[in-house]
Amino acid sequence: MMNKKYAPLFESYRFKNGVELKNRVVMAPMTNFSSNDDGTVTDEEIRYYERRSEGVGMVITACTNVTANGKGFPGEFAGDSDDMIPSLRRLASAIKAKGSKAILQIFHGGREVPPELVNGDVVSASNIPSGEGKTVPRELTSEEVASIIRDFGETTRRAIEAGYDGVEIHGANGYLIQQFFSPHANRREDQWGGSLEKRMAFPLAVVDSVKKAVAEHGDDSFIVGYRFSPEEPETPGITMADTLALVDALSAKKLDYLHVSVMDFWSEPRRGVEDTRSRIEIINERVGDRVPVMGVGSIYTADDAIKALESGVPLIALGRELIIDPDWVQKIEQGKESEIVTKLDKTKQDELVVPDPLWNAVLNAPGWFPGV
Ligand SMILES: Cc1cc2nc3c(=O)[nH]c(=O)nc-3n(C[C@H](O)[C@H](O)[C@H](O)COP(=O)(O)O)c2cc1C
């Protein structure tokens with residue numbers, strides 16, 4: 001029997017659009033490097049998701065690129081053409097068959113795209129590399145900017161046709177949408193850059209394009225979330241003050257949720273606010289009841305999860321821990337939270353159902369996962 005202390009994790013959650021999740025635990029979006037070269041999903045990848053879709057209320061997929069030149073990783077599945085709809089559908093069906101909602105994460109890698117994946121044509125808001133020794137991107141023309149905004153809408157239409165319950169707009173982790181918001185990456189002087197307001201124009205136009213696709217091809221039950229990283233370390237770079245302004249603008253867009261991307265749920269602001277609380281708490285307070293906030297970051301134990309929920313966010317996402325222990329939710333539900341594994345067991349790849357490319361990526365990056 002479940003320990004009563006953990007019951008709040010298992011309360012259902014109803015979005016403002018009426019869609020209900022069976023509990024408060026979400027699988028965080030995680031790239032797995034395991035798709036076919038033609039952009040279709042593989043059997044191994046499907047099995048990896050099936051293994052993790054039974055306990056959680058909602059699964060957010062690895063990111064998929066909305067245009068060919070947005071592909072950010074080898075082995076990433078594609079969402080940039082109608083030919084990919086059967087592949088996208090296969091993944092949505094596999095997740096939903098296990099009882100979870102399926103959310104497709106849509107993105108463009110911008111200046112972080114490896115040149116060999118895009119014939120060397122790496123693009124961004126401006127021609128500023130993300131660091132020393134990094135690729136110098138080509139500045140997008142205004143026609144190309146408009147076209148990528150439309151592409152986010154097109155991939156949303158494909159997600160609807162493929163049977164997803166929603167999409168998550170990936171505005172985090174330094175990729176193209178964040179690059180437009182960033183005073184580091186974006187040095188444009190047209191309508192897409194300059195003031196804080198103009199840096200917000202691209203992210204907000206992407207939201208409008210996605211919402212338009214939903215209005216035309218779907219209905220209110222289709223979930224639209226937005227993920228962002230609250231700060232950048234560089235100067236110039238995104239500050240908490242910038243992010244609170246973005247959060248206000250996003251809150252006015254009738255999104256279904258906002259997802260704060262941090263590696264530690266309790267990480268604190270670097271600059272831009274006089275506040276010693278965690279970034280997630282500050283953002284959650286700012287948003288109020290306008291839109292639900294999803295928190296994430298280094299949640300490993302049942303107690304970590306309860307403590308995170310007690311901060312006031314209605315939803316929490318788990319990434320690495322669901323690779324380490326795919327039975328995490330079920331163990332808590334069955335009162336076996338003491339059996340949760342919190343360090344990767346390097347002998348259990350088969351039992352954990354992790355495809356080789358992801359397994360190798362994890363093993364080759366010491367310090368990334370507990371136990372490695
Ligand atoms: C293997 C791996 C792949 C990831 N890929 C993505 C991704 O495609 N999109 C994204 O928004 N975040 C990605 N992330 C970040 C996670 O969603 C999450 O924010 C982060 O791992 C912190 O949560 P955790 O401590 O529960 O793992 C990835 C993380 C890992 C470990």
Side-chain angles (χ1 to χ4, degrees), residues 24-35 41 45 48-49 52 55-56 58-66 70-79 91 103-110 112-113 155 167-179 225-231 257-267 278-280 293-302 304-305 307-309 313 315-326 328-329 340-344 349 352 354-372:
R24 304 306 180 98
V25 188
V26 175
M27 178 167 167
M30 283 187 290
T31 290
N32 56 53
F33 315 103
S34 302
S35 309
V41 296
E45 196 173 11
Y48 158 87
Y49 278 103
R52 291 166 174 80
V56 296
M58 182 162 107
V59 171
I60 304 167
T61 68
C63 58
T64 186
N65 48 300
V66 303
K71 182 170 179 173
F73 306 93
E76 175 180 319
F77 66 88
L91 179 54
I103 304 292
L104 184 70
Q105 193 186 50
I106 57 176
F107 111 123
H108 186 300
E112 298 297 340
V113 163
T155 302
V167 292
E168 178 172 283
I169 300 167
H170 190 352
N173 302 355
Y175 299 114
L176 186 68
I177 296 177
Q178 180 174 328
Q179 288 161 29
Y226 187 101
R227 190 171 218 220
F228 59 91
S229 296
E231 289 188 85
Y257 69 89
L258 296 181
H259 190 179
V260 188
S261 180
V262 284
M263 291 307 281
D264 180 350
F265 189 96
W266 300 102
S267 73
S278 69
R279 290 156 162 164
I280 290 179
V293 171
M294 189 184 299
V296 70
S298 301
I299 296 170
Y300 292 106
T301 66
D304 291 344
K307 191 173 165 223
L309 265 194
V313 298
L315 297 166
I316 53 164
L318 272 68
R320 290 168 291 182
E321 179 56 28
L322 287 179
I323 293 182
I324 296 169
D325 192 343
W328 191 92
V329 175
I340 287 175
V341 182
T342 57
K343 286 195 167 58
L344 189 73
Q349 183 189 356
L352 298 176
V354 179
D356 287 340
L358 176 57
W359 191 254
N360 293 333
V362 169
L363 295 189
N364 289 324
W368 199 23
F369 274 63
V372 180

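Keep in mind the model is a prediction, meaning the values are calculated, not measured. Start at 1 and go down the list; that is how both ligands and their atoms are numbered.
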In short, Val354 meets Arg52 closest at the heavy-atom pair CG2-NH2, 3.6 Å
Would Pro29 count as being in polar contact with ligand 1, using the rule that some N or O on each side must be under 3.5 angstrom apart? yes
Side-chain heavy-atom pair Met30, Ile323 within 4.5 angstrom cut-off: yes
Can you find a heavy atom in the side chain of Asp356 that is under 4.5 Å from one in the side chain of Gln349? yes
If you measure from each heavy atom of Ala172 to ligand 1, is any distance below 4.0 Å? no
For Gln105, atoms of ligand 1 separated by under 4.0 Å from a heavy atom: 7 (C), 8 (O), 9 (N), 10 (C), 11 (O)
Side-chain heavy-atom pair Leu104, Thr64 within 4.5 angstrom cut-off: yes
Out of all atoms in ligand 1, which are within 4.0 Å of some heavy atom of Gly297? Include the element for each. 23 (O), 25 (O)
Any N/O of Tyr300 closer than 3.5 Å to an N/O of ligand 1? no
Ile323 N/O to ligand 1 N/O under 3.5 Å: no
Kindly compute the distance separating NE2 (His108) from OH (Tyr175), expressed to the nearest 0.5 Å. 13.0 Å
Quick check on contacts: which atoms of ligand 1 are under 4.0 angstrom from a heavy atom of Leu318? 26 (O)
Contact atoms of ligand 1, heavy-atom distance to Arg320 under 4.0 Å: 24 (P), 25 (O), 26 (O), 27 (O), 31 (C)
Within less than 4.0 angstrom of ligand 1, does Glu321 place any heavy atom? no
Give the numbers and elements of all ligand 1 atoms closer than 4.0 Å to a heavy atom of His170. 9 (N), 10 (C), 11 (O)
Using a strict 4.0 Å cut-off to heavy atoms of Cys63, name the atoms of ligand 1 that fall inside it. 8 (O)
Side chains of Ile60 and Met294: does their closest heavy-atom pair fall under 4.5 Å? yes
Glu168 N/O to ligand 1 N/O under 3.5 Å: no
Ligand 1 contact by Phe107, heavy-atom criterion under 4.0 angstrom: no
Note the single closest protein heavy atom to atom 10 (C) of ligand 1, along with its residue, its atom name and the distance in Å. Arg227 NH1, 3.1 Å
